[in-house]
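Keep in mind the model is a prediction, meaning the values are calculated, not measured.
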Amino acid sequence: MAGKKKRKGGKTIVNLVLGVICFIWLLPTLGLFISSFRPAADILQTGWWKVFPHQEWTQGETLQLSKDTDLRQPIEVNGQTYTDDQLKAGVEVDDSRLMWENRRARTINMQEQGWKTTPDLTMDNYSNVLSGKEYKLTEADGSETMQKGTGLSQAFWNTLTIAVPATVIPVLIASFAAYAFAWLRFPGRKTLFVIIIAMLVIPIQVALIPVLKDYTSLGLNGSYLGIWLAHTAFGLPLVTYFMYNFISQLPKDLFESAFIDGASHFTIFSRLILPLSVPALASIGIFQFLWVWNDYLVSLIFIGNQPSVQVMSMKIADLVGSRGNDWHLLTSAAFISMLMPLAIFFLLQKYFVRGLMGGSVKG
């Protein structure tokens with residue numbers, strides 16, 4: 001009984017720690033999501049948590065002082081004396097706060113604290129960041145200025161055009177390679193496998209300049225084909241190693257039965273390996289897609305920074321550099337960049353854990 005209670009207590013502690021970690025992890029995402037719907041003036045003036053009910057000082061009764069009140073001397077208000085600096089910062093008296101309303105006119109506001117919400121949400125941030133059209137922006141001081149939209153929709157489709165083939169191609173090639181390394185016998189198999197795995201420790205920055213020179217001579221630089229091949233080459237070692245760990249642990253009886261029935265290697269791969277490897281394919285596909293989707297360096301080198309071919313990471317980086325104060329655009333742009341990876345993960349999450357565990361145990 002004591003052991004059972006101890007295990008139950010340990011499980012509760014683990015769940016509590018995991019809950020705290022998840023809360024800390026999700027809190028910035030929640031703030032980003034709420035801020036992306038708030039007007040620009042509200043984002044600059046108050047925090048995102050102000051959309052929830054909170055206590056705040058509100059305007060109350062106005063007290064008029066004598067016009068000849070000397071601000072360098074103690075100022076008497078309702079029988080009490082305060083300094084000018086105190087009234088600038090606000091002085092709490094019982095359940096109210098005294099604060100200058102108009103210092104030049106010698107008026108003081110007796111503010112009261114109450115519950116307040118600021119649920120002023122809008123979709124304008126998303127429409128402005130996605131389009132390249134001009135729009136009217138209301139500043140925190142009430143002034144209006146004309147701004148030009150970011151045109152993020154083009155970058156979104158550019159990134160999707162790069163990410164999908166750059167995920168499918170290496171995963172498919174690595175699956176063929178993993179099957180060959182796991183179940184075929186040919187000269188130099190182990191040596192070639194070690195060479196491929198050794199490429200995992202080589203930084204991609206080492207290969208950028210030599211590959212770029214070859215791309216320039218072949219005319220591949222700045223094309224979608226070039227960036228697909230680059231992402232495929234840089235992703236193959238890890239994907240091959242991951243798929244090898246899964247495919248090599250499949251029961252040998254499956255292959256023996258298939259060979260007895262006269263199946264070829266291609267038939268075995270297409271009819272047996274691929275259906276059985278769906279969890280592993282989904283898991284490594286998620287990793288490869290996230291890496292390509294969030295990539296900045298490889299895309300900058302091999303496809304360039306022209307507006308017509310820019311990817312999401314470049315567009316958002318330019319937005320930070322040119323308009324670092326436009327938080328209403330940054331928050332909505334950042335959340336748009338998160339939508340596709342989140343969608344991919346939730347669609348394939350049932351395969352994710354199964355794929356990660358594939359090949360970890362035998363039998």
Side-chain angles (χ1 to χ4, degrees), residues 1-38 43 46-55 117-119 121 125-126 159 163 167 170-171 174 178 197 200-201 235 237-250 276-296 312-313 316 320 327 330-363:
M1 181 66 69
K4 187 175 181 180
K5 289 183 178 180
K6 186 176 181 180
R7 288 194 299 270
K8 187 176 181 181
K11 185 178 180 181
T12 302
I13 294 175
V14 170
N15 291 336
L16 181 62
V17 172
L18 289 176
V20 172
I21 293 175
C22 290
F23 176 77
I24 295 174
W25 186 270
L26 291 176
L27 190 62
T29 305
L30 177 63
L32 184 70
F33 178 72
I34 294 176
S35 297
S36 66
F37 291 99
R38 302 184 71 209
I43 293 177
T46 59
W48 60 268
W49 52 89
K50 295 295 185 179
V51 300
F52 300 108
H54 60 281
Q55 284 194 325
T117 59
T118 53
L121 304 178
N125 297 338
Y126 285 93
T159 309
T167 300
V171 170
I197 302 307
L200 286 171
V201 301
L238 176 61
V239 182
T240 302
Y241 179 70
F242 186 92
M243 292 304 301
Y244 173 83
N245 286 338
F246 186 90
I247 294 175
S248 63
Q249 300 304 320
L250 293 176
L276 292 173
S277 303
V278 168
L281 292 171
S283 298
I284 196 61
I286 290 174
F287 282 118
Q288 178 69 9
F289 184 87
L290 291 179
W291 184 75
V292 176
W293 184 270
N294 295 318
D295 169 69
Y296 178 88
M312 293 278 289
S313 56
I316 295 176
V320 173
W327 295 106
L330 290 172
T331 53
S332 54
F335 203 82
I336 290 172
S337 70
M338 295 167 55
L339 290 179
M340 187 57 66
L342 287 175
I344 295 296
F345 178 80
F346 285 122
L347 286 174
L348 302 177
Q349 64 174 333
K350 63 180 180 179
Y351 302 112
F352 189 68
V353 176
R354 290 166 55 191
L356 290 179
M357 295 297 294
S360 60
V361 295
K362 294 184 178 182

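Interatomic distance, CH2 of Trp25 versus CG of Leu30, reported as 15.0 Å (0.5 Å rounding). From Ile344, atom CD1 reaches atom CG of Leu339 across 11.5 Å, with rounding to the nearest 0.5 Å. To the nearest 0.5 angstrom, Leu16 atom CG is 10.0 Å from Ile21 atom CD1. One finds the CG atom of Leu281 at 12.5 Å from the OG1 atom of Thr167 (value rounded to the nearest 0.5 Å).
A 4.5 Å side-chain heavy-atom check between Met312 and Ile336 finds at least one atom pair inside the cut-off. The closest side-chain heavy-atom distance from Met338 to Leu32 is below 4.5 Å. Contact of the Phe242 side chain with the Ser283 side chain is registered, since non-hydrogen atoms from C-beta on lie closer than 4.5 Å. A heavy-atom distance below 4.5 Å is not found between the side chains of Trp291 and Leu238.
Summarising the geometry of Ser313 relative to Asn294, their closest heavy-atom pair is CB-O, 4.2 Å, with the distance given to 0.1 Å. Nearest heavy atoms, Ser36 versus Thr331: CA-OG1, 3.4 Å. Contact between Pro341 and Leu290 at its shortest, heavy atoms only, is CB-CD2, 3.1 Å. Closest heavy-atom contact between Ser35 and Trp48: OG-CB, 3.4 Å. In terms of heavy atoms, Gln288 sits closest to Pro170 at NE2-CG, 3.7 Å. Contact detail for Ser277 and Phe246: the closest heavy-atom pair is CA-CE2, 3.5 Å.
In this structure a side-chain-to-backbone donor-acceptor pair under 3.5 Å is present from Asn125 to Arg38. In terms of modelled atom types and a separation under 3.5 Å, the side chain of Thr159 and the main chain of Trp293 share no donor-acceptor contact.
Within a 6.0 Å radius of OH in Tyr241, other residues, nucleotides and ligands contribute 12 heavy atoms or fewer.
Between Phe33 and Phe37, the ring planes lie perpendicular to each other; the angle is over 60°, past the 30° to 60° tilted range.
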